[in-house]
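The next block holds one structure in the form of structure tokens; read it before the comments.
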There are 2 protein chains.
Amino acid sequence: MQNSEAMALSAALLAAAGELVQRIHEGVVARGFEGLRPAHGFAFARLAPDGATVTDLAVHLGVTKQAASQLVDELVRKGYVERRPHPKDARARLVVLTGPGWACTRAADEAAAEAVGAWSDVLGEAEVRGLREALLRIAPEGPVRPAW
Amino acid sequence: MQNSEAMALSAALLAAAGELVQRIHEGVVARGFEGLRPAHGFAFARLAPDGATVTDLAVHLGVTKQAASQLVDELVRKGYVERRPHPKDARARLVVLTGPGWACTRAADEAAAEAVGAWSDVLGEAEVRGLREALLRIAPEGPVRPAW
DNA sequence: ACCATAAAGTCAAGTAGCTTGACCATCAAT
DNA sequence: ATTGATGGTCAAGCTACTTGACTTTATGGT
């Protein structure tokens, strides 16, 4: 592997990831959810199954818990999540999605499927599947929110 | 393609891209270049062949020219680039890499080759090649500096 | 040749999202 | 019961970015 090929792969990877995030975000906006940034989507992904604490969210996003708390404030203000008392720990609070929060999560799923579908048209479904599995083997533990 | 699979692909793509950027950055630091952020590397990539104007750089990075100008200021202060008069346009200034700038660029190439080499150990060279070509066909025009 | 418009760059001020630091309430282990 | 660790918030500060205003030089039409 020559250096220039490694750089070409890096650039292609960044371009693909950037374009995907952009398209998902546009799809979400097109479905009527405004005032959100991609970072909020990363948060929704963590909150989706059963909710999470602010600290969980901070770890997931790779930021301080103060930053995660501010992000939750914002989502509460916009009606996408709410803070509920934690069933097992009186210090903690469980942040869960509201109705609009779930709707937005579904919209993001749809937008993602749409964006990836466009790739299937170019590569074919089999190769897209191969792509996903190769990436999963490469970076199973990569940061969710790459910061740079 | 189901929605959940699209999200899995998105997550894997982001994780891989994030990890790659992180590793390249660490490799650059390990080679003795400090005080730099990944964004500077994206700038180097544009400056590498023959230099570029601040406006070129701004377009490449997807930021305002003021932001690009500030970034150049910083790189000048740290000795990685210098501003030279533009040969064809007295308004413009050509930003070019200095010796240390070139050395840092080579270090980044090496670090990238190292990181991608680790992937080859997992996937095999052929599949990594396939990955690169699939990504290039998917997102030839993606943003260099995904912002989120 | 002249003027109007556009483009390259910089200075200055404001902003948004993050950080560090300090603090309180609660948990868990001795 | 005491001590240290953990979840969360408040407050202040930092930094990379933005918008706005301006100067200098290029470009194109008349």
Side-chain angles (χ1 to χ4, degrees), chain A residues 14 18 21-22 25 29 34-44 46-47 50-78 80-96 143-148, chain B residues 18 21-22 25 34-44 46-47 50-78 80-96 143-148:
Chain A
L14 288 170
V21 168
Q22 209 171 285
H25 184 247
V29 171
E34 294 184 18
L36 291 174
R37 284 169 291 118
H40 297 131
F42 301 141
F44 284 8
R46 180 66 183 82
L47 298 176
D50 303 300
T53 66
V54 165
T55 299
D56 289 338
L57 207 50
V59 170
H60 181 250
L61 295 176
V63 298
T64 60
K65 55 187 182 177
Q66 292 91 326
S69 186
Q70 289 176 12
L71 192 144
V72 169
D73 283 343
E74 192 182 342
L75 291 177
V76 168
R77 218 179 314 120
K78 296 182 174 169
Y80 292 109
V81 308
E82 59 186 19
R83 295 188 218 246
R84 307 196 47 196
H86 194 288
K88 311 225 160 187
D89 188 337
R91 294 171 302 178
R93 315 175 70 179
L94 199 57
V95 180
V96 296
V144 178
R145 198 188 73 93
W148 63 79
Chain B
V21 168
Q22 209 171 285
H25 184 247
E34 295 183 20
L36 291 174
R37 284 168 291 118
H40 297 131
F42 301 141
F44 284 8
R46 181 68 183 79
L47 298 175
D50 304 299
T53 66
V54 165
T55 299
D56 290 339
L57 207 49
V59 170
H60 180 251
L61 295 177
V63 298
T64 59
K65 56 187 183 175
Q66 292 93 325
S69 187
Q70 288 176 13
L71 192 143
V72 169
D73 283 343
E74 192 182 342
L75 290 177
V76 168
R77 219 180 313 121
K78 295 183 175 168
Y80 293 108
V81 308
E82 58 186 19
R83 296 189 217 244
R84 306 195 47 196
H86 195 288
K88 312 223 160 189
D89 189 338
R91 295 172 302 179
R93 314 175 71 178
L94 199 57
V95 181
V96 296
V144 178
R145 198 188 73 91
W148 63 78

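Quick caveat: nothing in here was measured; it's all calculated off a predicted structure. Naming convention: chains lettered A, B, ... in sequence-line order (proteins, then strands); numbering from 1 in each chain.
Remark: B:Glu74 pairs with B:Arg37, B:Lys78 by the salt bridge (charged side-chain N to carboxylate O under 4.0 Å, His left out) rule, at least two apart or across chains. A search for side chain to side chain contact (heavy atoms under 4.5 Å, CB included) contacts involving A:Arg91 returns A:Asp89, not counting sequence neighbours. Considering only residues two or more places apart in sequence or on other chains, B:Val96 meets the side chain to side chain contact (heavy atoms under 4.5 Å, CB included) condition with B:Glu82, B:Arg84, B:Leu94. Residues forming a side chain to side chain contact (heavy atoms under 4.5 Å, CB included) with B:Val59 (at least two apart in sequence, or on another chain): none. Under the salt bridge (charged side-chain N to carboxylate O under 4.0 Å, His left out) criterion, B:Arg83 pairs with B:Asp73, sequence neighbours left out.
When all heavy atoms of A:Gly35 and A:His40 are compared, the closest pair comes out as O-CE1, 4.2 Å. In terms of heavy atoms, B:Ala43 sits closest to B:Leu61 at N-CD2, 4.0 Å.
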Letter by letter from the 5' end, nucleotides 22-28 of chain D scores (B base, S sugar-phosphate only, - none; protein heavy atoms under 4.0 Å) --BBS--
- Show the numbers, then the answer: is there a side-chain contact (heavy atoms from CB on, under 4.5 Å) between B:Val54 and B:Arg93? CA-CA 7 Å; B:Val54 165; B:Arg93 314 175 71 178; over 6 Å; no
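Heavy-atom distances under 4.0 Å link DNA chain D to B:Val63, B:Thr64, B:Gln66, B:Ala67, B:Gln70 of residues 54-74 of chain B, given in residue order.
Direction change of the helix axis from one end of the helix from C:dA1-D:dT30 to C:dT30-D:dA1 to the other is 30°, with five pairs defining each end axis (rounded to 10°).
Once rounded to the nearest 0.5 Å, the distance linking CZ of A:Phe44 with CG of A:Leu36 reads 5.5 Å.
Between A:Arg83 and D:dT9, a side-chain N or O to OP1/OP2 separation shorter than 4.0 Å is present.
Note on residues 54-66 of chain A: pairs passing side chain to side chain donor-acceptor pair (under 3.5 Å), not counting sequence neighbours, are A:Thr53-A:Asp56.
Taking atom CG of residue B:Leu75 and atom P of nucleotide D:dA16, one finds them 11 Å apart after rounding to whole Å. Counting to the nearest Å, the P atom of C:dG17 and the CZ atom of B:Arg37 are 18 Å from each other.
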